[in-house]
Number of protein chains: 2
Amino acid sequence: MDNEVKMMPHGIECCDEEEVHADKVQLVNEQMPPEDRLYDLAELFKAFGDTTRIRILFALFEADICVCDLAATLNMTQSAISHQLRLLKQARLVSGRREGKQIIYYLADDHVRTIIEKGMEHILE
Amino acid sequence: MDNEVKMMPHGIECCDEEEVHADKVQLVNEQMPPEDRLYDLAELFKAFGDTTRIRILFALFEADICVCDLAATLNMTQSAISHQLRLLKQARLVSGRREGKQIIYYLADDHVRTIIEKGMEHILE
DNA sequence: AAAACATATGAGCAATTATTCATATGTTTG
DNA sequence: CAAACATATGAATAATTGCTCATATGTTTT
């Protein structure tokens, strides 16, 4: 009936009732970052979690590129690329500067490279 | 009619026809990792891209924990947690060892910590 | 071996998401 | 200022995803 975690200084039994490993549960809950930070983190990684966006980021590793070049390179529609750039911009992974008619996109900061590098290390290990 | 990228040593005009910034397009395409690697990378980041899974990972930063303790800590169903653990296991972010009736989950390697740290840096900057 | 317990998993559903199409916004050129 | 060009965006749609419920698998206890 109640959802709250009971705390009791007992042994290491687990799960047979509402009495779980109270010590661990408490420790974990104390260390857990606030809800909005967890949300922001998940949103950030979501931005990396799509092949099209990953390809855009890899493209921007090499050069600052306008939307239509990105579309040409990745062989996708300008619209599709624009939509994805919006998400990347929201996650502050890329920025754009206007140059005449075009908008040139570029990596917003070095975290992008670092995070992708670490991800690469993990999948290659 | 054709989808192939034309290469022509021309100036810096862009986008008004099929002739884009050929040099950039070529450079980018040369440096682009193979399709399956891009896919794996995106899949990896997808695993980080959900609040529940992020919370599970933060929990495992503190201790190795069994499924039902995770469920208790995060105040979610055992089933929901199990489903998410399966995804995390597929991404090789966590592993589980059996201890009696329980399965104790733990972080698979240090990349998990590093990647989340880098993500944290980015959202806090 | 049966009952109890811990975890895993398949089906179903609601919510989210990636793309397309049509069109709007903003810039440059004639 | 009109036409052309580059990009952005809203609506619609198909695919994916996260959770629930029911149940299956595997372990321990009696």
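Below, read A as the first sequence line, B as the second, and so on, with proteins coming before strands; counting in each chain starts at 1. Computation of the quantities below employed the complete heavy-atom set of this structure, encompassing side-chain atoms and omitting hydrogens, waters and symmetry-equivalent molecules.
Closest to the side chain of A:Lys89, from the set C:dA18, D:dA8, C:dT7, is D:dA8. Ranking C:dG26, C:dT7, D:dT20 by closeness to the B:Gln78 side chain, first place goes to C:dT7. Among the nucleotides D:dC19, C:dA8, D:dA8, the one closest to any side-chain atom of B:Ser82 is C:dA8.
One interatomic measurement links the two molecules: CZ of B:Arg53 to P of C:dT16, which rounds to 15 Å at whole-angstrom precision. Per the geometry, CD belonging to A:Gln90 stands 11 Å off P belonging to C:dT17, to the nearest Å. Here D:dG18 presents its P atom at 14 Å from OH of A:Tyr39, a figure rounded to the nearest Å. Rounded to whole angstrom, the span from the NZ atom of B:Lys101 across to the C1' atom of D:dT30 amounts to 11 Å. Rounded to an integer number of Å, the gap from CZ of B:Phe48 to C1' of D:dT17 is 18 Å. Taking atom CD on B:Gln84 and atom C1' on D:dC19, their separation rounds to 8 Å, with Å as the unit. One interatomic measurement links the two molecules: CZ of A:Arg97 to C1' of D:dT7, which rounds to 16 Å at whole-angstrom precision. What separates CD1 of A:Ile103 from P of C:dA24 is a distance of 19 Å, to the nearest Å.
Put simply, B:Lys46 has a side-chain N or O that comes within less than 4.0 Å of OP1 or OP2 on D:dT17. Residue A:Arg86 has no polar side-chain atom (N or O) positioned under 4.0 Å from OP1 or OP2 of D:dT7. A sub-4.0 Å separation between OP1 or OP2 of C:dA18 and a side-chain N or O of A:Thr52 is absent. For C:dA8, the OP1/OP2 oxygens have a side-chain nitrogen or oxygen of B:Tyr105 closer than 4.0 Å. Phosphate proximity of C:dA6 to B:Arg98: absent, as no side-chain N or O sits under 4.0 Å from OP1 or OP2. Contact check, B:Gln102 against C:dC5: no side-chain N or O comes under 4.0 Å of OP1 or OP2.
Residues B:Met32 and A:Leu74 form a side-chain contact, since some pair of their non-hydrogen atoms from C-beta on lies under 4.5 Å apart. The side-chain heavy atoms of A:His122 and B:Thr114, taken from C-beta on, include no pair separated by under 4.5 Å.
Between the base of D:dT20 and the side chain of B:His83 there is a donor-acceptor pair shorter than 3.5 Å.
B:Leu87 comes within 4.0 angstrom of sugar-phosphate atoms only, judged by non-hydrogen atoms across all strands, and of no base. Within the nucleic acid shown, A:Ser79 comes within 4.0 Å of at least one base atom, counting heavy atoms only. In this structure, A:Ile104 reaches neither bases nor backbone, as no heavy-atom distance under 4.0 Å exists between it and the strands shown.
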Check residues 84-91 of chain A and write down every donor-acceptor pair under 3.5 Å in which the side-chain atom is one partner and the other belongs to a residue at least two apart or another chain.
from, atom 1, to, atom 2, distance (Å)
A:Gln84, OE1, A:Arg53, NH1, 2.8
A:Arg86, NH2, A:His83, ND1, 3.4
A:Lys89, NZ, A:Tyr105, OH, 3.2

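The two atoms that bring B:Val25 and A:Asp69 nearest to each other are CG2-O, 4.2 Å, heavy atoms only. The minimum heavy-atom distance linking B:Asp64 with A:Lys24 is given by the pair O-NZ, 2.6 Å.
The residue among B:Met76 and B:Gly100 whose nearest nucleotide of DNA chain D lies closer to the 5′ end is B:Met76. Remark on DNA chain C: of its neighbouring residues A:Glu43 and A:Glu99, the 5'-side contact belongs to A:Glu43, judged by nearest-heavy-atom nucleotide.
The number of heavy atoms from other shown groups lying within 6.0 Å of CZ (A:Phe61) is above 12.
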